[in-house]
Protein chains: 2
Amino acid sequence: MIKTQKHAALELTEKQNLVMETLAKSKRPLGAYSILDALRDDGFKAPLQVYRTLDQLITLGMVHRLESLNAYTVCQLDSCASRNSQSASFVICEMCGLVEELAHSNVEGIVSRLLTNFDFRPTKTAIEIRGVCASCQS
Amino acid sequence: MIKTQKHAALELTEKQNLVMETLAKSKRPLGAYSILDALRDDGFKAPLQVYRTLDQLITLGMVHRLESLNAYTVCQLDSCASRNSQSASFVICEMCGLVEELAHSNVEGIVSRLLTNFDFRPTKTAIEIRGVCASCQS
DNA sequence: CTTGAATTGTTATCTTATAACATGAATTAT
DNA sequence: ATAATTCATGTTATAAGATAACAATTCAAG
């Protein structure tokens, strides 16, 4: 194995790259079926192909699922992919649909704060703050 | 209107009471269709009846939706109903399914901490911490 | 009453997700 | 090499979650 060191990004399969590009092009999180529709001409024929690819990307920390939207978005932070983090925090504007990921340097401390007095070993945290963004507060 | 002062609990409709009882009896969060199945003999015939009742109870702060489970649970804190709070925080054990609600005296401070430097007006926050509970860590 | 508004019932449908099994590719043992 | 095993992917069918659209009913105001 004389191959040069591989970067995570280069390891992606064709299908994974297609899903990443689709999500990256979109300004908003996408549902699995929207991704499927966008990729019908690229070999995606069934929902499960999308769901499996999303699962892989989520495991890599490159995509997050927005639990309260049943939708998926590319990770906006380099830190997630580099640590395979499945945890993420988002603000979601209920007026315009804007979604922004919060840096989670803060989040880990906050989670352990919340768990004070709870004997609980966290593996994956979802924080979704819904409300009104700056532009929409006018 | 000479009626005595009403408590929130006394205001509940028949259907709302049935859903509350069903959720309270269950040790685990329930999906809307499980609730429907449990209440088929009590006049519930269609999903929408369950969803509408759940929405009402959620608005009252008496039921919370677990976004990452697509399931519903009675609020375990008196503080939610008393302030009609739609925000809640949970720990969810991925081994045994245990779900426990975290007091949110902490949570509000934490949310504003997370939003430092974000011009965002939060209305509803979902925090769901998945992991392994004390019993399952053995 | 009776009109209009709001709630509740009902059917149909849409969206999201996964089970179950088939096919094919890679891996190892013989 | 090739059979046997395992693991990933394809495909069909269906389960589970949610809501749209409209009908029927209730209920308060005129």
Side-chain angles (χ1 to χ4, degrees), chain A residues 1 3 6 11-20 22-23 26 28-60 62-73 86 92 94 97 99 124 126 128 130, chain B residues 1-3 6 11-20 22-23 26 28-60 63-73 86 92 94 97 99 124 126 128 130:
Chain A
M1 162 89 81
K3 258 181 130 180
K6 299 171 188 169
E11 291 287 350
L12 294 185
T13 65
E14 175 91 24
K15 278 193 164 23
Q16 289 169 345
N17 272 317
L18 286 166
V19 169
M20 284 298 286
T22 305
L23 286 174
S26 169
R28 300 280 178 268
L30 294 177
Y33 280 70
S34 301
I35 297 171
L36 177 57
D37 287 342
L39 294 176
R40 292 247 182 230
D41 298 335
D42 299 284
F44 284 80
K45 291 181 182 162
L48 208 47
Q49 298 177 311
V50 176
Y51 282 110
R52 290 211 266 237
T53 307
L54 285 171
D55 283 347
Q56 295 155 3
L57 293 169
I58 289 168
T59 300
L60 293 171
M62 302 181 70
V63 166
H64 297 302
R65 176 182 153 81
L66 283 139
E67 303 292 350
S68 65
L69 296 176
N70 294 334
Y72 305 85
T73 191
Q86 265 95 89
I92 301 169
E94 307 211 278
V99 166
K124 182 178 193 292
E128 299 182 15
R130 309 180 70 105
Chain B
M1 163 91 81
I2 318 215
K3 260 180 128 180
K6 299 169 188 173
E11 289 288 350
L12 294 184
T13 65
E14 174 91 24
K15 281 194 161 23
Q16 289 170 346
N17 272 317
L18 286 166
V19 170
M20 283 300 286
T22 304
L23 287 174
S26 169
R28 301 280 177 268
L30 294 177
Y33 280 66
S34 301
I35 298 170
L36 177 58
D37 287 342
L39 294 176
R40 291 245 181 233
D41 298 335
D42 300 284
F44 283 79
K45 291 181 182 163
L48 206 48
Q49 298 178 310
V50 177
Y51 283 110
R52 290 209 267 236
T53 307
L54 285 170
D55 282 347
Q56 294 156 4
L57 292 169
I58 289 168
T59 300
L60 293 170
V63 166
H64 297 302
R65 175 181 155 82
L66 283 139
E67 301 291 350
S68 64
L69 296 175
N70 294 335
Y72 304 84
T73 191
Q86 265 94 88
I92 302 169
E94 307 211 278
V99 166
K124 182 177 193 290
E128 298 183 17
R130 309 180 71 103

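Convention: sequence-line order gives letters A, B, ...; per-chain numbering from 1. Given the structure is predicted, the values throughout are model-derived calculations rather than measurements. All values below were derived from every heavy atom in this structure, side-chain atoms included, with hydrogens, water molecules and symmetry-related copies excluded.
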- How close do A:Val50 and A:Phe44 get, heavy atom to heavy atom, and via which atoms? CG2-CD2, 3.7 Å
- Item | Nucleotide range of DNA chain C lying under 4.0 Å from chain B heavy atoms | C:dT8 to C:dT11
- Nearest heavy-atom neighbours spanning B:Pro29 and B:Ala71: CB-CB, 3.7 Å
- Message: Just so I know, are the side chains of B:Lys45 and B:Leu36 near enough to count as touching, which here means a heavy-atom distance under 4.5 Å?
- Response: no
- A:Ala38 and A:Thr22 have their tightest heavy-atom pair at CB-CG2, 3.8 Å
- Would a distance-only check, ignoring hydrogens and angles, find a side-chain to backbone donor-acceptor pair under 3.5 Å from B:Gln86 to B:Ile58? yes
- Message: So A:Gln56, base contact, sugar-phosphate only, or nothing? Heavy-atom distance under 4.0 Å.
- Response: sugar-phosphate
- Flag side-chain contact, heavy atom, 4.5 Å: A:Val63 against A:Thr53: no
- Note on the structure: Walking DNA chain C from its 5' end, the first of B:Asn70 and B:Lys15 to be reached, judged by nearest nucleotide, is B:Lys15
- Item | Pair A:Glu128 + A:Arg130, salt bridge at N-O below 4.0 Å | no
- Message: So which atom in B:Glu67 and which in B:Ala126 form the shortest heavy-atom distance, rounded to 0.1 Å?
- Response: CG-CB, 4.1 Å
- Taking all heavy atoms of B:Leu30 and all of B:Ser26, pick out the closest pair and write down the distance. CD2-OG, 3.6 Å
- What residues 38-53 of chain B contributes to the DNA chain D interface at heavy-atom separation below 4.0 Å is B:Leu48, B:Tyr51
- Note on the structure: The first and last nucleotides of DNA chain D lying within contact of chain A, meaning any atom under 4.0 Å from one of its heavy atoms, run from D:dT9 to D:dT12
- Note on the structure: On a heavy-atom basis, the closest approach of A:Tyr33 and A:Pro47 is OH-CG, 3.4 Å
